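We number each residue from 1, following the sequence as shown. What you are looking at is a predicted structure, and each value in this text was computed from that prediction instead of being measured.
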Amino acid sequence: VSLHSANNRTRDKIAPINRQYPLRALAAALHAYLKAKGRRISFEWAMIQGVNDSDDDARELAAYSRPLRAHVNLIPLNPTPGYRTRGTEPERIEQFRDELESLGVNATVRRTRGTDIDAACGQLRAEQQVVLRSRRQSRKA
């Protein structure tokens, strides 16, 4: 599950799907999934400097994750030209992971891959503006 925040206000901004399925509804669906399947839940958490990397964020994430027995994958956000948002520094990501583990949450820091081809977390984007045309317009051209 792409979680990225355990706070509805923050998650509304970085994961707009939260407006339709807020954290309480997501938790209910995940509890039902656990009951039906018994499989581990994993949360993906892109580490965004100054947005979701504070000690308070770690405590909120721990409180949300523990009842679900969820594993957390902390993902370093990669730099993207033209995008002002910055990823959390590696040392802070390690501290965040350590804080989660001290609060009883299993967490892993994911390795960064794909940066060299602009395909890493947070980098998938077009280098130039793309104009989409309908199939009807394409056939006329």
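Grouping the Ile, Leu, Val, Met, Phe, Trp and Tyr side chains by contacts below 4.5 angstrom, directly or via other members, places Y64 with V1. Criterion: ILVMFWY side-chain heavy atoms under 4.5 Å apart, direct or through other members. Under it, L26 and L34 are part of a common hydrophobic cluster. No single ILVMFWY cluster, assembled from side-chain heavy atoms under 4.5 Å apart, contains both F96 and I75. Clustering ILVMFWY residues whenever any of their side-chain heavy atoms sit less than 4.5 angstrom apart, transitively, puts I17 in a cluster other than the one holding Y33. Grouping the Ile, Leu, Val, Met, Phe, Trp and Tyr side chains by contacts below 4.5 angstrom, directly or via other members, places W45 apart from I14.
Annotation: the span from I41 atom CD1 to L30 atom CG amounts to 4.0 Å, rounded to 0.5 Å. In this structure, CZ on R40 lies 13.0 Å from CG on L68, to the nearest 0.5 angstrom. In this structure, the separation between CG on L74 and CD on E94 is 9.0 Å, given to the nearest 0.5 Å. To the nearest 0.5 Å, the span separating CD on Q95 from OG on S54 amounts to 12.0 Å. Atom-to-atom distance recorded for R39:CZ and R69:CZ is 14.0 Å, nearest 0.5 angstrom.
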I would like to know whether R59 and D56 meet salt bridge (Lys or Arg N to Asp or Glu O under 4.0 Å); could you show each step before the answer? CA-CA 5 Å; R59 286 188 287 275; D56 286 341; 2.4 Å; yes
Between V51 and T10, does a side-chain contact (heavy atoms from CB on, under 4.5 Å) hold up when you go through it step by step? CA-CA 8 Å; V51 174; T10 303; 4.0 Å; yes
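Side-chain contact between E44 and N73: present, with at least one pair of heavy atoms (C-beta onward) separated by less than 4.5 Å. In this structure the side chain of H71 reaches within 4.5 angstrom of the side chain of S42, judged on heavy atoms.
Enclosure of atom OH in Y21 is not indicated, since only 12 or fewer non-hydrogen atoms of other residues, nucleotides or ligands lie within 6.0 angstrom.
When atom types are taken as modelled, the side chain of N52 and the backbone of H4 share a donor-acceptor pair closer than 3.5 angstrom. No donor-acceptor pair under 3.5 Å is formed between the side chain of N7 and the backbone N or O of D57. Listed for the R19 side chain is a donor-acceptor partner under 3.5 Å among the backbone atoms of D12. Judged purely by atom type and a 3.5 angstrom limit, R11 has no side-chain atom pairing as donor or acceptor with the backbone of L23. A donor-acceptor pair under 3.5 Å links the side-chain atoms of R66 to the main chain of L103, judged by distance alone.
Taking all atoms of both residues into account, the shortest heavy-atom contact from L100 to A107 is CD1-CB, 3.9 Å. Nearest heavy atoms, V105 versus A62: CG2-CA, 3.6 Å. Minimum interatomic distance between I48 and L77 (heavy atoms only, all atoms of both residues): CG1-CD2, 3.9 Å.
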